Amino acid sequence: PWKPGDLSQLAQRYVSRVAPGRFLTQAKQLAASEITPATLQAIRKIYYLGKWGGEAEGFRQQIDEAALMRAVQAISHRFPEAYGAGADYLRQIREMAAEADSIGERAREQDAESLAAIEPFLQRWAKLQQQALLANPALDFEHVLFVKRKGTEGLTQNWQGNDRLHGRKIENEIATFSLKALETPDVTVFKPTKRMFVGDVDLHADGKRMLFSTNGTVCETNIDGTGFRKVVTEVDSYDPCYLPDGRILFISNNGHHAVPCVSGSDYVGNLHIANADGTGIRRLCFDQDNNWNPTVLANGRVLYTRWEYTDSAHYFSRILMHMNPDGTNQVEFYGSNSYWPNSMFYARPIPGSSTKFVAIVSGHHGPAKMGELVLFDAALGRHEADGAIQKIPGYGKPVIPVIKDNLVGAVWPKFLHPYPIDEQTFLVSCRPTAESSWGIYLVDIYDNMVPLKTVAGHHCFEPFPL
């Protein structure tokens, strides 16, 4: 361990981590002299220059000007008057791309000034990307509702329902942040008085209230945090969804049957319906295995995921279903008799469409509920990748149906909880790398990814526009 005040030892630590080359030679020469605070600072600077030199090779690939230009051009075409700064954004993109070429070329030659310019340039590029994409008139809302969870992700395995989280001591809350002033503090909407799971949020169409679940109970509150009430307290109930007629859907394990392959240790949750006050509960689905993620389509039918098990390869059999709100006419929407996608979680329809949707494609074993973000159109086909328009990111690339169990274990970035603004733009929870926490991002079909909310020591999930 380092002894506080021992500048020589600290200098040697920096030298030992400088990559071979002229920077290492310079660092060793300085370290051989008397180590003063000024000398230590000079060695530290050489260390960072060497570190940036290693990053210079990948620097230019971080500047995807083509993706940002595609998005700006698309927004300008759609909103020629409301998006008046489009031409200026395109000019700035071209200028910064040329600057990036120059910095990258000189940085590869270990030019100290250019190496030092990399980090400030990336910050300026991120700011331009944020300004250009947040100016999109389609983002006609002021705030984003989200779940903020400390430490643990609070996710269940791909064969489990969220009843497995009930009773766990989880520190989390439902909050909002400003889309127009991202630096302002979050505002708490609901936080349990005790440590317990809170999530499964569904925002009402009026934008003034929301359903959610906490510790096996379906609850409702106003967006300003007032009017809290428990709606459904039957057994373990979770994953609620508003219906257009005022009733609600939710998932409950009150059938007390269980997943076969884990010897009954995980209960199965099926869809139920209830009045807005929690009365009149009726079971709608009688499936051997779990239902997940109910949401309403533009035509009024209910979209949800059903896990098939009997007489099927159950690693590859989470089928997207749809039905009438009263539970009648339950039929396949996407993926029947398909080995890909293994799983489709958190599917949501594209606004105004009854065939287009976005979903998280995941596996059976492997990462929990998370995976690739994929845009589909069931009108193009419902088998395997027939209706897959593209992955996000993945502009211009075909979607290849890979058949394997742990489908997304090595895939980055990973996504959860997409919310489509339109068929080009999405709010989503994203974990860019294995070292990252989950944050709220704005992404598009053109391969742009803009971080909107990350919180140190926390994960951010379930974004909704307010």
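Position 1 is the first residue of the sequence; numbering continues from there. Bear in mind the structure is a predicted one, so any value in this text is a computation, not a measurement.
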Kindly state whether the ring of [X] and the ring of [Y] have centres lying under 6.0 angstrom apart.
X: Phe121; Y: Phe59; value: yes
X: Phe357; Y: Phe333; value: yes
X: His364; Y: Trp307; value: yes
X: Trp159; Y: His365; value: yes

Salt bridge present between [X] and [Y] (N-O < 4.0 angstrom):
X: Asp444; Y: Arg70; result: no
X: Glu153; Y: Arg431; result: yes
X: Glu423; Y: Lys356; result: yes
X: Arg94; Y: Glu65; result: no

**Prompt:** Of all residues at least two apart in sequence or in a different chain, which pass the side-chain contact (heavy atoms from CB on, under 4.5 Å) check with Ala98?
**Reply:** none
Please name the pair of heavy atoms, one in [X] and one in [Y], separated by the smallest distance, quoted to 0.1 Å.
X: Lys369; Y: Asn158; result: N-OD1, 2.5 Å
X: His459; Y: Trp438; result: ND1-N, 3.1 Å
X: Met370; Y: Val408; result: O-CG2, 3.6 Å

**Prompt:** With a cut-off of 6.0 Å (strictly less than), are more than 12 heavy atoms of other residues, nucleotides or ligands near CZ of Phe79?
**Reply:**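 Buried by this count: over 12 neighbours within 6.0 Å.
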**Request:** Give the C-alpha distance, both sets of side-chain angles, the deciding distance and a yes or no for ring pair (Phe, Tyr, Trp, His ring centres under 6.0 Å) between Phe228 and Phe190.
**Result:** CA-CA 9 Å; Phe228 171 80; Phe190 175 82; 5.3 Å; yes
**Message:** Going by side chain to side chain contact (heavy atoms under 4.5 Å, CB included), Cys460 matches just one of Thr454, Val147, Val455. Which one?
**Reply:**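 With Cys460 as partner, side chain to side chain contact (heavy atoms under 4.5 Å, CB included) holds for just one option, Val455.
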